[in-house]
Amino acid sequence: MTGTDTLFTNISQLVTPRPGVQRGAAMGDLSVIPDAALLVSDGRIRWVGPRAEAPGTAQEHDLGGVAVVPGLIDPHTHAVWAGNRLADFEARVQGVPYEDILARGGGIRSSMRATGAASVEELVALARPRLQALRTSGATTTEVKSGYGLDFDAEQKMLRAIQALQAEFHLTPTLLIHVPPTEGRTEYVRAVCEELIPEVANTGLAETVDVFCEKEAFTVEETRQIFVAAHANELHFKLHADQFHAIGGTELACELRALSVDHLEASGPAQIAALAASNTVATILPGVTLHLGLPAAPGRALIDAGAAVAVGTDLNPGSSPVFSTQLALALAVRLNRLTPAEALTACTVNAAAALGLGDRAALVPGQRADFLALHSADWRDLAYTLGANPVRSVFVSGSGIQAL
């Protein structure tokens, strides 16, 4: 024992998936320990089990008879942006087509203009409360993308804002190649591959490269070129695909062993089969379905086929203003037909796998001591509750952060 050992006791239920990515039926297999205790040493879990069998004489922290689950992982956010899309929202609910919104100067291009005009300090100040809201909702690790820059200086500025926020939050930074320019597309993709990706890799500003592969964005062949460049520069890669059309991006990502394919609202049997046969995680984003009214990604079919499914918020100003990772978990149960157990796995170990992380998200010895104490004695309130926060306290590396 050391001076940093803490034994967390009086846990009504300690609930956790098994460590590592879980596929298919295994996503519903949780360990539930009643009247549990959790021993933390130097920010890592040392022991987990029934309270009556707890070892040693560590300093005790009584959690008051509530349920404990792993800290959630949010594997897909766009939390750094400037400006807002409120006029777009009002127009869209009145039936104005997105093409008309773009023609008026709205849509993603408006976010790009506002973000490009903001300083690093302004972007940090804007993103901080968004990340605080995600953490309060249970997210102990959060992925954050660039992608509202278009020009390379603005993209790197966004990544520098993410880097600055890493002093306060556990973040994984992603370079997102989001939309092509209106002119000079071939030259832009070449410059991304030969200039931007090597620069980002050399400076350590990103760990992963993401591409939006869609009819209105990048083609499958352009995506392949960008993935090859990411791999050559020793960066992970992942993909936005099948949000509106299935054009082959999912199959490419599975072929090249991308960490994840995200969205999948337009995925059909071929894409489901490809994901089930691969090690690529299928990340679904129910906030988009709620906010835009898109068909829900086929979460149930993906799990039944044997795929590994993760869930994220897709927090962004245009298509998913969801500031709660817990809410994304709860929506995945309602909209994507996951069970509560599957949703917990999707928001913990599978979300970690979608970020290439294996040292967190399961409450077993050796893992990082990131966990949540709920208000309830029953862990299922995490998936049940809407409109209130079921998380009482967030613990990151064993240190507590008050939630609500």
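Numbering of residues begins at 1 and proceeds along the displayed sequence.
With no hydrogens or angles considered, no side-chain donor-acceptor pair links Asp74 and Thr142 at under 3.5 Å. Remark: the Gln156 side chain and the Arg160 side chain contain no N/O donor-acceptor pair separated by less than 3.5 Å. Arg257 and Thr280 are not linked by any side-chain donor-acceptor pair at a separation below 3.5 angstrom, with hydrogens and angles left out of the test.
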Apply side-chain contact (heavy atoms from CB on, under 4.5 Å) to the pair Met158 and Val144, showing each step before the final yes or no.
CA-CA 10 Å; Met158 292 184 69; Val144 187; over 6 Å; no

Checking salt bridge (charged side-chain N to carboxylate O under 4.0 Å, His left out) for the pair Lys145/Glu143: CA distance, chi angles, key distance, verdict?
CA-CA 7 Å; Lys145 305 176 191 296; Glu143 186 255 19; 2.6 Å; yes

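Taking the ring centroids of His240 and His76, they lie under the 6.0 Å cut-off.
Relative orientation of the His291 and Phe89 rings is parallel, given thresholds of 30° and 60° on the angle between their planes. Aromatic ring pairs are classed by plane angle as parallel below 30°, tilted from 30° to 60° and perpendicular above 60°; the pair His78 and His178 is parallel.
Under 4.0 Å is where a charged nitrogen must lie from a carboxylate oxygen, and between Asp100 and Arg104 no such pair does. A salt bridge links Asp35 with Arg51: the closest approach of a Lys/Arg side-chain nitrogen to an acidic carboxylate oxygen falls below 4.0 angstrom. We find that Lys157 and Glu122 are not joined by a salt bridge, their nearest charged nitrogen and carboxylate oxygen being 4.0 Å or further apart. Look at Asp378 and Arg380 and you find a salt bridge, because one of the NZ, NE, NH1 or NH2 atoms lies within 4.0 Å of a carboxylate O, short of that distance.
Of the listed residues (Arg368, Arg135, Arg360), just one forms a side-chain hydrogen bond (donor to acceptor under 3.5 Å, both in side chains) with His170, and that residue is Arg368.
Looking at Ser397 and Arg44, their side chains never come closer than 4.5 Å, going by heavy atoms from C-beta outward.
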